[in-house]
Amino acid sequence: MKTTDTEAETGTNAAPESRPSNFVRDIILDDLKTNKYGGRVQTRFPPEPNGYLHIGHAKAICLDFGLADEFHGHTNLRFDDTNPEKEETEYVDSIMADVKWLGFNWDGLFYASDYFDQLYEWALKLIRDGKAYVDDLSAEEIRKYRGTLTEPGKDSPYRNRSVEENLDLFQRMKAGEFPDGSRVLRAKIDMASPNLNMRDPVMYRILHAEHHRTGNKWCIYPMYDYAHGQSDSLEKVTHSMCTLEFEDHRPLYNWFIQQLGIFPSQQIEFDRLNLTHTLLSKRKLRQFVQEGRVRGWDDPRMPTLSGIRRRGYTPEAIRNFVASIGVSKTTGSIELAMLEHFVREDLNKRAPRVMAVLRPLKVVIDNYPQNQVEEMDAVNNPEDPAAGSRKVPFSRVLYIEQDDFREVPPPKYFRLSPGREVRLRYGYFVTCTSVVKNDKGEVVEVHCTYDPATRGGNAPDNRKVKATIHWVSAAHAVDAEVRIYENLFLKADPSDVEEGQDVLDNLNPNSLEVVTSAKLEPSLATATVGSRYQFERLGYFSVDPDSRPGKPVFNRTIALKDTWAKVERKQGGKS
RNA sequence: UGGGCCGUCGACUAAUGGUAGGUCAAGUGCCUUUGGAGCACUUUGUCUAGGUUCGAAUCCUAGCGGCCCAGCCA
């Protein structure tokens, strides 16, 4: 297993000693010390191909691959494809693409369905050993016989069939002699166990369904509990990490391995990722897609890896985020702000700066020569001198952001207003002299004068201005569509719903805002799909695949921190 | 109300019987040709009650609180 080194990774591989410890690493360290597995570390990432991967899976991926990597071990990608009714090749493909994008390469590529023959042989063995039996009870009867949380279950009347009869029936189940749901194969364990998973769990069910890989070869399919541990064992997995809800399954995981006398993989459970303002449920996400609440699995508002990739998040940011949140067994919820911090941190280092105006307000510099155009020098990235500089055209008519002008400036507002001088970034100092309004009284044009001595943005007399604002030359501007996203959920906990409502009622109706007439500096005319920029003073933006020649489409990845917005909020909102 | 797991700043997480620390968030100041970034500083924490111990966030007991389990899903 190796991580794929992407851009600007030099020196960011933190020294192992500075890595915060966690209980999973401690277990591995201990196993290494006691030579439990001959010094070997083998993990696996085992998604079911029934949907797209989301940020929660990123935690598992980073853990599975990262821990193995740390101890020079190996990691397999294994598709847990034991339920043909839910699984599709489309999902297999997207999962592989997402894992690679995150920066990981698997050693072995496996499918639980690779093991169907072996699993079947092992089932025959368990039957012969008197550890499994065919049950004719219906699903509902099985539920009734199972008992409850507080009452023990009852043995099925079919529990004590002879080995011969069980063998015959199970082989005929496989041969397709019985309809779906008519019989199951169950492990014979303990109907009175306080752990419901041990009350004779179902091993095989009859499903006359086409499997995305094995086609119609099988009409009986193993259950998760019967397939997972043995799959781990077959791959000689040493540390099988999964989420907390499988804790109660561990005794069963161990039981099958023990009865079969096969390689003893060990299951270790950790807390799944929960993020505020975010829903991480494949089922719900699928519903959003199917009901058209979002544009697809890769809608930039989705917490899927394909969604956040399209939005402009980087794999490095996600890996840093996951590393920072740690691993434990406490059930909690991480603030979205934490994720956003790592996205900004990474983008700040790598994203070239450009000037773009989202909501244009026309500015005319009255004393600037009518047809003059100057090429101003602009730094591409103040965080990265190697990024160099570019030329940006300056002329008499410009666009600035509507927010950067106020006819009546509120307290602490430093930007342009009548009589005030500000700096046009990389341009000149300009002073507002007058405004033009439409019949509704709205300012539609601002007139200024400039000081020719301040070319580039510095005054020879050292006078200061309190604000620097960005601009785009009207004659040179590239028109663009910009999509601005808000959280899909305004509530920190999306599943906190009123009586009789569901999460869909919590969906933020304003999660997408499309700005159709943004003005970009001309260097952006050739921006390639997927490339990321900082629009100065606004945020980070990336080029969407919907872009067409001459009409780029940008997604706002995330806004810059906005101290003014905070000040304004404190003052009681916009005036 | 049976079983399992878990309780450390607002959030996440470290301290492995010996100085309660880090990151995010929040706040203050400095700096600034991005009200960005950066730098410095600050606030707030061991669920409760007993016990063991020279010493407890850590071990024990009880209580309280949270999460998970009654699919022929994973």
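If you're wondering where the values come from, they're calculated on a predicted model, not measured in any experiment. Just so it is clear: chains get the letters A, B, ... in the order the sequence lines come, proteins before strands, and each one is counted from 1.
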[X] ring center near [Y] ring center (under 6.0 Å):
X        : Y        : answer
A/Phe170 : A/Tyr133 : no
A/Phe414 : A/Trp564 : no
A/Phe394 : A/Tyr428 : yes

Atom [atom1], compared across [N] and [M]: separation rounded to whole Å:
N     : M     : atom1 : answer
B/G51 : B/G17 : C1'   : 15 Å
B/U52 : B/U13 : C1'   : 29 Å
B/U23 : B/G18 : P     : 23 Å
B/C47 : B/A15 : P     : 16 Å
B/A25 : B/A37 : P     : 9 Å
B/U42 : B/C5  : P     : 41 Å
B/G50 : B/A57 : P     : 14 Å
B/C6  : B/U61 : P     : 14 Å

If you compare every side-chain N and O of [X] against the phosphate oxygens of [N] (OP1, OP2), does one of them come in below 4.0 Å?
X        : N     : answer
A/Lys464 : B/U32 : no
A/Ser21  : B/A15 : yes
A/Arg183 : B/C72 : no
A/Thr330 : B/C12 : no
A/Lys566 : B/A26 : yes
A/Arg205 : B/G71 : no
A/Thr563 : B/G36 : yes
A/Lys144 : B/A70 : no
A/Arg425 : B/G36 : no

Scan [X] against the nucleic acid and name what it touches under 4.0 Å (heavy atoms): base, sugar-phosphate only, or nothing.
X        : result
A/Gly332 : sugar-phosphate
A/Pro152 : nothing
A/Phe270 : nothing
A/Ser193 : nothing

Atom-pair distance ([atom1] on [X]; [atom2] on [N]), nearest Å:
X        : N     : atom1 : atom2 : answer
A/Glu340 : B/C12 : CD    : P     : 17 Å
A/Asp271 : B/A11 : CG    : P     : 15 Å
A/Glu536 : B/U32 : CD    : P     : 17 Å
A/Glu48  : B/A74 : CD    : C1'   : 5 Å
A/Asp225 : B/A70 : CG    : P     : 11 Å
A/His341 : B/G10 : NE2   : P     : 20 Å
A/Asp493 : B/G10 : CG    : P     : 19 Å
A/Asp403 : B/G36 : CG    : P     : 16 Å

Looking only at N and O atoms, is any donor in the side chain of [X] or the base of [N] less than 3.5 Å from an acceptor on the other one?
X        : N     : value
A/Glu335 : B/G10 : yes
A/Glu140 : B/G71 : no
A/Arg344 : B/G36 : no

_Could you walk me through whether A/Glu521 and A/Arg390 satisfy the salt bridge (Lys or Arg N to Asp or Glu O under 4.0 Å) test, starting with their C-alpha distance in whole Å, then the side-chain angles of each, then the deciding distance to 0.1 Å, before giving a yes or no?_
CA-CA 11 Å; A/Glu521 68 166 66; A/Arg390 67 190 186 287; 2.7 Å; yes
*Over 12 non-hydrogen atoms of neighbours within 6.0 angstrom of CD in A/Glu375*: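 Yes, CD of A/Glu375 has more than 12 neighbouring heavy atoms, counting only those of other groups under 6.0 Å.
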*Can the positive tip of A/Lys174 be found less than 6.0 Å from the middle of the six-membered ring of A/Tyr120, inside 45° of the ring normal?*
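Output yes; distance and angle both within limits.
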Given [options], which nucleotide is nearest the side-chain atoms of [X]?
X        : options             : value
A/Thr331 : B/A70, B/G35, B/C67 : B/C67
A/Leu196 : B/G4, B/A11, B/G2   : B/G2
A/Met338 : B/U34, B/C72, B/C24 : B/C24
A/Leu560 : B/C72, B/C24, B/U34 : B/U34
A/Asp248 : B/C69, B/C24, B/A15 : B/C69
A/Ala337 : B/C12, B/G36, B/C24 : B/C24
A/Arg146 : B/C72, B/C73, B/C68 : B/C72
A/Ser328 : B/A14, B/C73, B/A11 : B/A14
A/Asp562 : B/C12, B/G35, B/A74 : B/G35
A/His249 : B/A70, B/A74, B/U34 : B/A74

_If you assign A/Glu151 and A/Thr148 each to the RNA chain B nucleotide with the nearest heavy atom, which residue ends up on the more 5' nucleotide?_
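With A/Glu151 and A/Thr148 compared, the 5'-side residue is A/Glu151.
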*Most 5' of A/Thr454 and A/Phe342 on RNA chain B, judged by nearest nucleotide*: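 First, find each residue's nearest nucleotide; the 5'-ward one identifies A/Phe342.
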Could you let me know what [N] is paired to, Watson-Crick or G-U wobble, both distances under 3.5 Å, or none if it's on its own?
N     : answer
B/U52 : none
B/C39 : B/G29
B/G63 : B/C47

*What class does the angle between the rings of A/Phe45 and A/His57 fall in, given that below 30° is parallel, 30 to 60° is tilted and above 60° is perpendicular?*
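A/Phe45 and A/His57: perpendicular rings.
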*Give me the one residue out of A/Arg183, A/Arg186, A/Lys188 that meets side-chain hydrogen bond (donor to acceptor under 3.5 Å, both in side chains) with A/Asp135.*
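When A/Arg183, A/Arg186, A/Lys188 are each tested with A/Asp135, the side-chain hydrogen bond (donor to acceptor under 3.5 Å, both in side chains) holds only for A/Arg186.
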*Syn or anti for B/G27, please, going by whether the chi angle lies within 90° of 0.*
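Here the answer is anti: the torsion falls beyond 90° from 0.
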*asked:* I need the A/Leu252 CG to A/Asn197 CG distance, nearest 0.5 Å.
replied: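 The distance works out to 6.5 Å.
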_Ignoring hydrogens, what is the shortest heavy-atom contact between A/Pro411 and A/Gln571? Give both atom names and the distance._
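In this case the closest contact between A/Pro411 and A/Gln571 is O-NE2, 3.1 Å.
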